[in-house]
Colleague: 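Let me give you the structure first, and then I'll get to my questions.
Keep in mind that the numbers below use all heavy atoms, side chains included, and drop hydrogens, waters and symmetry copies.
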Amino acid sequence: MAFQPWRALPGKGVLLLLNIFSAIALVYEGYNQAVYGAVSGTPGFIAMSQIGEGTTVTKSTKQGGLAAVYYLGAIFGGFIGGWFGDKYGRKKGTFVGSVLSLIGSAMQCGSVNADMFIVARIISGLGIGFINVLIPSWVSELSEAHDRGSTFSLVFVANFLGIFLANWINFGIRNAGIEFRWRFPLGFMCIPMLMVAFAIFFVPESPRWLMANHRREGAVDILCKIRGDKHPSDPAIHEELELLQAIVEASHHKRNNYVNITLGGRYSGKLHLGRRAVLGLALQQIQQWTGILVMVSWAAKVFELAGFSTYKASWLSGLLNTFGVIGTAAAALVIDRIGRRNSLQVSFAIQGISLFLVAALIKTSQDRVFTNPGQSQTLGTAASAFTFTFVFFFCMFNIVPCWIYGTEIWPQEVRAKGYSYTILGWAIGCGTTTFVIPIMLANIGWWSFIFFGCMNFVVMPIIHFFFVETARVGLEEVDLLFASDSLLVKDNVLEHDRRVAAAGGNVAVAARKLLDEVNGETHLDPRRVSVDHETGLNKIGPDTNHVELEKEKADSL
């Protein structure tokens with residue numbers, strides 16, 4: 001019998017264990033994003049990487065390039081991890097990602113020149129590509145539709161906790177030895193990945209992945225456990241399994257390969273997988289170009305622009321990211337209540353206004369630094385206050401929708417692989433912005449905030465017209481929200497409602513019928529149905545007329 005220590009825990013305890021495990025993995029992701037901005041300005045790192053002299057960076061392009069190469073690795077890691085996770089499981093994929101991340105972190109810590117550091121960053125990027133594509137998918141698959149967003153929010157607090165740790169660790173060792181000041185923060189990244197690599201043996205596999213890979217018995221067993229030690233005949237379990245079974249036949253269809261999705265999904269028909277790839281990629285691009293990285297990764301530089309000393313800028317940077325932890329936790333209160341779309345629109349409006357005010361106040365502060373030093377300091381303080389406003393509301397209304405959306409829009413059989421396109425968007429967005437931000441701050445200063453502020457208002461109509469709402473929608477129901485050939489939200493919602501109504505209100509029937517249309521299998525043999533007498537559910541064979549049988553069941557209720 002396989003090693004399954006999680007069976008000793010109560011069902012809710014198993015779900016808590018899984019969420020803690022996921023959170024530890026996300027600590028690494030947040031820490032890795034934030035740590036470079038601080039260590040790259042230390043004398044030891046500057047000398048090792050040859051990006052300047054003493055404490056002054058003179059090669060901002062190279063400084064940005066060393067940051068961006070991490071995301072190059074993440075691009076490949078995301079696609080490989082998505083394929084690996086869908087083929088071999090979430091557990092094995094996460095383990096591979098944790099080992100790669102661990103090796104890359106250790107090499108960054110021990111780097112002796114820029115070339116070794118580049119290789120180390122690429123390996124770390126490969127690992128985080130695995131982690132980022134699998135962990136969010138895993139969290140979504142374990143959550144129930146009504147609280148999927150709030151669960152994701154609480155787990156994702158760990159992402160900003162990593163950023164929080166990076167800033168305070170760098171502040172705490174600011175007076176340490178030259179080598180220790182940059183090697184220790186990079187070496188500290190190994191700790192969460194060691195924990196993940198060890199803990200992976202103590203958690204169960206994703207039940208949705210098991211079901212999609214025709215391991216129904218194991219899926220039912222784990223699902224009953226994490227839903228609170230329920231019996232397979234429980235109505236809630238019955239309904240969830242019914243929805244899972246509606247998509248199980250599509251696991252190995254050629255429409256789900258990377259080539260088809262990348263080329264626009266010619267074999268996906270009404271499922272429009274190519275469109276989903278674009279939406280997932282675009283949303284992460286949108287997030288990275290609306291100013292968050294300039295606030296968290298280069299926060300100390302922002303505060304220096306506002307007129308603060310290096311010491312004060314350093315601890316303000318740590319305090320700023322502490323607010324991010326609080327804001328991400330607060331997201332659990334709103335993400336399912338007001339939905340993904342409304343959350344994003346609220347965040348963009350507040351972020352845009354905050355960035356414009358930061359720019360105006362920094363500019364005015366700099367203009368009066370010699371003529372009126374007291375007023376200059378006051379204006380710099382006001383500018384800093386609006387950075388806190390930006391980060392808090394970004395974390396409360398933006399970070400979770402952008403990360404969870406890409407997990408919600410894909411069919412189960414291709415979720416991790418599809419989420420690779422979201423990670424591609426994240427990697428490209430982060431890679432390009434981390435490359436240009438130090439160059440922008442060094443050359444145009446406060447104008448950088450005007451640019452990012454404008455981007456917030458540019459993207460608002462894009463969200464309104466093209467991104468369907470996924471809050472409180474079952475993961476197996478999402479296919480119906482992409483069934484229209486139109487790109488517009490309103491047309492896809494109308495098509496969803498029409499199909500559900502035509503199926504007598506039974507979402508599972510509507511989802512199955514859509515798949516049958518795509519597969520060209522609308523006249524199947526009802527003799528290929530068997531019944532699980534324990535759950536009362538139909539077991540679907542390769543040619544089961546599940547639509548008609550479930551339609552009859554719905555009509556009889």
Side-chain angles (χ1 to χ4, degrees), residues 6-7 9-16 18-19 138-152 204-250 336-337 408 411-413 415 470-481 496-497 499-515 526 529-541 544-557:
W6 52 270
R7 290 188 177 278
L9 295 173
K12 295 298 183 182
V14 174
L15 188 58
L16 178 62
L18 284 162
N19 285 335
W138 203 346
V139 173
S140 285
E141 290 169 358
L142 295 171
S143 305
E144 298 181 78
H146 68 278
D147 65 352
R148 188 169 59 244
S150 58
T151 299
F152 196 93
E205 182 56 86
S206 163
R208 282 187 167 92
W209 179 83
L210 291 171
M211 183 70 84
N213 286 270
H214 312 293
R215 293 163 62 179
R216 183 180 181 281
E217 184 177 349
V220 173
D221 187 28
I222 295 173
L223 190 63
C224 290
K225 185 72 174 176
I226 64 175
R227 293 294 180 252
D229 295 302
K230 293 181 178 179
H231 191 271
S233 61
D234 185 280
I237 297 295
H238 180 102
E239 180 180 358
E240 193 164 357
L241 287 171
E242 184 181 59
L243 289 170
L244 285 173
Q245 285 187 352
I247 53 91
V248 75
E249 290 179 72
D336 286 318
R337 287 181 171 85
E408 296 177 318
Q412 166 55 33
E413 69 272 11
R415 179 163 295 122
T470 55
R472 298 178 297 279
V473 176
L475 292 179
E476 288 68 42
E477 183 182 353
V478 170
D479 282 347
L480 299 171
L481 287 170
H496 166 278
D497 295 344
R499 287 178 175 273
V500 173
N506 190 310
V507 173
V509 173
R512 178 61 223 183
K513 187 173 181 180
L514 174 60
L515 288 175
V529 180
S530 61
V531 178
D532 185 323
H533 296 289
E534 184 178 11
T535 65
L537 292 173
N538 294 323
K539 291 181 178 179
I540 308 172
T544 300
N545 193 348
H546 183 65
V547 180
E548 297 302 325
L549 290 172
E550 292 298 340
K551 181 66 166 62
E552 291 174 9
K553 183 189 293 184
D555 290 342
S556 66
L557 294 177

Colleague: Which heavy-atom pair separates A503 from V509 by the least distance, and what is that distance?
Modeller: CB-CG1, 3.7 Å
Colleague: Looking at every non-hydrogen atom in both residues, tell me the closest pair between E408 and V478 and how far apart they are.
Modeller: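 Closest pair (atom of E408, atom of V478, distance): O-CG2, 3.0 Å.
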Colleague: When rounded to the nearest 0.5 angstrom, what distance separates NZ in K225 from CG in L9?
Modeller: 7.0 Å
Colleague: Counting C-beta onward and ignoring hydrogens, is there a side-chain heavy-atom pair between R216 and V220 closer than 4.5 Å?
Modeller: yes
Colleague: Has the side chain of K513 got a donor or acceptor atom that lies under 3.5 Å from a matching backbone atom of V500?
Modeller: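 No, because the side chain of K513 does not come within donor-acceptor range (under 3.5 Å) of the backbone of V500.
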Colleague: Between CD1 of I226 and CG of L16, what distance do you get to the nearest 0.5 Å?
Modeller: 12.5 Å
Colleague: Please round to the nearest 0.5 Å and tell me the distance separating atom CD1 of I222 and atom CG of L210.
Modeller: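 Output value for this atom pair is 5.0 Å.
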Colleague: Is any side-chain heavy atom of I237 closer than 4.5 Å to one of R227?
Modeller: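 In contact.
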Colleague: Taking all heavy atoms of A219 and all of P207, pick out the closest pair and write down the distance.
Modeller: CB-O, 3.3 Å
Colleague: Can you tell if the side chain of E477 reaches within under 4.5 Å of the side chain of H496, non-hydrogen atoms only?
Modeller: yes
Colleague: Is the shortest heavy-atom distance from the side chain of C224 to the side chain of D229 under 4.5 Å?
Modeller: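 Not touching, per the 4.5 Å side-chain cut-off.
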